[in-house]
There are 2 protein chains.
Amino acid sequence: MESSSATSGASTRREATRQKLYEAAVTLIAEQGFSATTVDEIAERAGVAKGTVYYNFASKSVLFEELLRHGVGLLTASLREAAERTEKDGGTKVAALDAMIRAGLVFIDRYPAFTQLYVAELWRTNRAWQSTLLVVRQEAVAVVEDVLRGGIENGEFSEEIDVPLTAAALVGMVLVAALDWQAFQPERSLDDVHAALSRLLQGRVSGRP
Amino acid sequence: MESSSATSGASTRREATRQKLYEAAVTLIAEQGFSATTVDEIAERAGVAKGTVYYNFASKSVLFEELLRHGVGLLTASLREAAERTEKDGGTKVAALDAMIRAGLVFIDRYPAFTQLYVAELWRTNRAWQSTLLVVRQEAVAVVEDVLRGGIENGEFSEEIDVPLTAAALVGMVLVAALDWQAFQPERSLDDVHAALSRLLQGRVSGRP
DNA sequence: CTATTTGAACTGACTGGTCAGTGCAAAAAC
DNA sequence: GTTTTTGCACTGACCAGTCAGTTCAAATAG
């Protein structure tokens, strides 16, 4: 009654293969894109037979959609946790944003392929998983928006800032800087990158230190 | 019929079909991605025969590579022009950055499909046009880096800022904010979006106006 | 303890369809 | 007369998805 024929529980074996398939798919799709990646490749990289892919997922697109949900779930959890931790410690909203920048960098550092893939697919239209993407995007950006709104309420931020736009810009700033870091200067430390973005966030670009 | 006129020695007719093919390809690839877009589709959308595509371009990838070069050429020219215009008018480096943000927004507003496609392909690896992308990326980011370095030299910016990283972050900020604007709040005006990003650039997020 | 049963998990050869790229003769444009 | 475009049939590679058959570990029986 434990592993097979479990009533609602996920059999361990099955979960393990799904995990292997996620890992294989995320790398390949990040490198080549969804359409250029074949199911055979994914199966081979995961070390399973092609049939297993279809035993575990209804189709190639479904595998991809579930992969997206899974990954963004991890990201938003991590962002939200960072913001809440800072606020509980009595930090300012700027400190919360800063903590979220760091959390974002940590995430991208740990899952670079997922981030790549996410950015590459985010603004495509006319695709099967469009609706999934929209939901998933909103979840991530909403975390940042919440902090911005909180900051306006308590007077820490100007009432004139445009919440959705500023949130998107901040996300973009971190995303692109981090992808560049990974792709073109991987030797830099996370602290280094974080410091540069912190400075930009706090408007300490102009003027001497 | 001869609206574009003969700019260079190339035959006008040929240039016109190439232009039509660029326009058709950029939309389709932005929507669906490179691999999911077929040559037949491109030809049909451009209103030419499939054979014409191969008469004008060696292959589907070559068409795409030339499209990339063409588009990024337009972008960098526009950015550089904005920076130089501001500097000639005796503006500060911050003003130059601001002008480039606006130029970036104008470009994205005019060529949204190209921007989409560029972002989607930029961080992919293992693709045929990888080297083209690298060159083309460097050209665009370099314009921003130059302004930052100029600002450090004349004391307007802190010596501690990390030029390549800050440049990437700024590009990302504009890119992502603009794509979000296009995709999710297209009714907003360019001035509106520009104002929000300006505020972020100048660190006027915290504090009341 | 060993033998047998069960069924979820997995396999990989196979199928039907798609698509990049070719070849070419004839038409159109210049 | 030359360049460019057309139309269309054709090929060969590639690929998503299928399915009949196999594996194996836990459950049950003897």
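Each chain gets a letter, A, B and so on, in the order its sequence line appears, and its residues count up from 1.
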### Task
For A/Arg188 and A/Gln185, run side chain to side chain donor-acceptor pair (under 3.5 Å): C-alpha distance rounded to whole Å, both residues' side-chain angles, the deciding distance at 0.1 Å, then the answer.
CA-CA 6 Å; A/Arg188 309 276 306 257; A/Gln185 337 180 34; 3.0 Å; yes

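Closest approach to the B/Ser59 side chain among C/dA13, C/dG21, D/dT5 is made by C/dG21 (side chain taken as heavy atoms from C-beta onward). Considering only side-chain atoms of A/Thr38, the nucleotide from C/dA20, D/dC15, D/dT5 that sits closest is D/dC15. When distances run from any side-chain atom of A/Tyr55 to the nucleotides C/dA8, C/dA29, D/dT6, the shortest one goes to C/dA8. Here C/dA9 is the nucleotide among C/dT11, D/dT5, C/dA9 with the atom lying nearest to any side-chain atom of A/Arg14. Ranking D/dT5, C/dA20, D/dT6 by closeness to the B/Asp40 side chain, first place goes to C/dA20.
Using a 3.5 Å distance cut-off with no hydrogens or angles, the side chains of B/Glu23 and B/Gln19 do pair a donor with an acceptor.
In this structure, CD of A/Glu41 is placed 18 Å from P of D/dA13, rounded to the nearest angstrom. Distance, B/Glu15 CD to D/dT5 P: 10 Å, rounded to whole Å. For the pair B/Gln32 CD and C/dC19 C1', the computed distance is 14 Å after rounding to whole Å. Atoms CZ (A/Phe64) and P (D/dA16) sit 14 Å apart, rounded to a whole Å. In this structure, A/Glu44 places its CD atom 14 Å from C1' of D/dC15, rounding to the nearest Å.
Within 4.0 Å (heavy atoms only), B/Val48 reaches sugar-phosphate atoms of the nucleic acid but no base atom. Nucleic acid contact class of B/Ser35 (heavy atoms, under 4.0 Å, all strands): none. No contact: B/Ser61 has no heavy atom under 4.0 Å from any strand.
Using a 4.5 Å heavy-atom cutoff, the side chains of B/Leu105 and B/Asp109 are not in contact.
A donor N or O paired with an acceptor N or O is not found under 3.5 Å between the base of D/dG17 and the side-chain atoms of A/Lys60. With hydrogens and angles left out, the side chain of B/Lys50 and the base of D/dG7 share no donor-acceptor pair within 3.5 Å.
The aromatic rings of A/Tyr22 and A/Phe57 sit tilted relative to each other, their planes meeting at an angle between 30° and 60°. Ring geometry for A/Tyr111 versus A/Phe107: interplanar angle of 30 to 60°, hence tilted.
For the pair B/Thr52 and D/dT4, the criterion of a side-chain N or O lying under 4.0 Å from OP1 or OP2 is not met. The phosphate of D/dT5 (OP1 or OP2) has a side-chain N or O of B/Asn56 nearer than 4.0 angstrom. The side chain of A/Tyr54 places an N or O atom within less than 4.0 Å of a non-bridging phosphate oxygen (OP1 or OP2) of D/dG17.
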